[in-house]
Amino acid sequence: MIPFNKPPYTGRENEHVLAALKSGKLSGDGAYTYKCHEWFENTLPCNKALLTPSCTQALEMAALLIDIKPGDEVIMPSYTFVSTANAFVLRGARIVFVDIRPDTMNMDERKIEAAITDKTKAIVPVHYAGVACEMREIMSLAERYGLFVIEDAAQGMMSKYENKALGTIGHLAAFSFHETKNYTSGGEGGLLIINDVAFKERAEVIREKGTNRSQFFRGMVDKYSWVDVGSSYLPSELQAAYLWAQLEESERIKGDRLSTWKKYYSGLSHLVDKGKIGLPSIPDNCEHNAHMFYIKVKNNDERSNLMQNLKSNDIASAFHYVPLHTSKAGSCYGKFVGDDEFTTKEAERLLRLPLWYDMPDEFVEKIISSIADFYN
Ligand SMILES: *Cc1c(COP(=O)(O)O)cnc(C)c1O
């Protein structure tokens, strides 16, 4: 079976994890964590980077930082992973879902303004497949209405929008290092990016259980104490050590994924010409990271048939997301504003193909020819 995903592994993970093990410091914020923080701060670049145990928890920190209170409204696409909403629902927010654009599957920036009320506190754009949302329009709406923008950049590490790294545009941003993402910290992991300096100090406190321990370690206070609400949002040094091996090879991982993505794209484009399928579109102002490769088929039934057919050829494929507003949880979270013109319809047409770091060419070729056979 050609698997749908394989966690990225570059070769030096063992060495770094072993070094962390022998260092005598296993809990969070040791030498490897600092190396990772520094790397993101210099490479993206950004004001402050803080590793977290998951993207879900980075989003939860963001909801705490912007002081979400019961009744506040948060605008996001319905076509996303459930954590995008849960982080805010946990603090009492009502979620306002907005339709997506069919070309990128991202929240349609032209439909956001109609969803803004005097209760709106934040907009959460999700950069689907590592392809940027139209951030220029979103940031100007946020400025006009005094809203926070929190980028769900779970899939967007090393992608760019108008030459700026995703995650460096909103007030705050969250990334994932889950094993299904382009870079992993050993299976689970995440990152909070702080672009608005006003959040810098409090983010450290919230991440350290509501203590000012980070300031204490830097010698800024002579004892540490309980200063605010918070939780435990530090990953262990072993996770940071695993991630470090992947950051050292970040360009190689991105380049390899992009080359697989391009093979799919050119190998399947004859089916677009024949009107059989649709392929992803990358706007000119975006540079993507080949987080995923998907095709769009006619409808739900055709997708089931194609998946079955691929499975009988030993090829795994996958689809997502059930639009949140149509799900058991999401339907209690708030409301969809405007028409669901594309969210449900496009979600039912989308099929994801296997894509991982170091995927053999012959797998890609086999998948392309199986899909071509299906349509012939
Ligand atoms: C993967 C993902 C998440 C959750 O990431 P975790 O690190 O597993 O918490 C959130 N949002 C989006 C869009 C994702 O793809």
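Keep in mind that this is a model prediction, so the values were computed, not measured. One is the number of the first residue; the rest follow in order along the sequence. In listed order, ligands and their atoms are each counted from 1.
Closest to atom 7 (O) of ligand 1 among all protein heavy atoms lies Ser176 OG, 2.7 Å. The nearest protein atom to atom 1 (C) of ligand 1, hydrogens excluded, is given as Lys181 NZ, 1.8 Å; this is a heavy-atom distance. With hydrogens left out, the protein atom closest to atom 3 (C) of ligand 1 is Phe81 CD2, 3.7 Å, a heavy atom. Ranking the protein heavy atoms by distance from atom 15 (O) of ligand 1 puts Gln155 NE2, 2.8 Å first. Here the heavy atom of the protein found nearest to atom 11 (N) of ligand 1 is Asp152 OD2, 2.9 Å. In terms of protein heavy atoms, atom 12 (C) of ligand 1 is closest to Ala154 CB, 3.3 Å.
Centroid-to-centroid, the aromatic rings of Phe148 and Phe199 come within less than 6.0 Å. A centroid separation of 6.0 Å or more is found between the aromatic rings of Phe97 and Phe336.
Within the listing of ligand 1, atoms 13 (C) sit less than 4.0 angstrom from a heavy atom of Val126. Close approach to Ser54 involves these atoms of ligand 1, each under 4.0 Å from a residue heavy atom: 7 (O), 9 (O). For ligand 1, the atoms closer than 4.0 angstrom to any heavy atom of Thr56 are 4 (C), 6 (P), 9 (O).
For the pair Arg101 and Phe342, the NZ or CZ position fails the cation-pi test of under 6.0 Å to the six-membered ring centre and within 45 degrees of the ring normal.
Under the 4.0 angstrom criterion for non-hydrogen atoms, His127 is not in contact with ligand 1. For Tyr321, the closest heavy-atom approach to ligand 1 falls below 4.0 Å. Heavy-atom separations between Gly189 and ligand 1 include at least one value shorter than 4.0 Å.
Salt-bridge formation is not detected for the pair Glu251/Lys254: no Lys NZ or Arg NE/NH1/NH2 atom is positioned less than 4.0 Å from an Asp or Glu carboxylate oxygen. No salt bridge links Arg303 with Glu348; every basic N to acidic carboxylate O contact stays at or beyond 4.0 Å. The residues Asp72 and Lys119 are annotated as not salt-bridged, no charged nitrogen and carboxylate oxygen being separated by less than 4.0 angstrom.
Of the possible polar contacts, none joining the Asp99 side chain to the Asp108 backbone as a donor-acceptor pair under 3.5 Å is found.
For the atom pair CD1 (Ile68) and CD (Glu73), the distance works out to 10.5 Å, reported to the nearest 0.5 Å.
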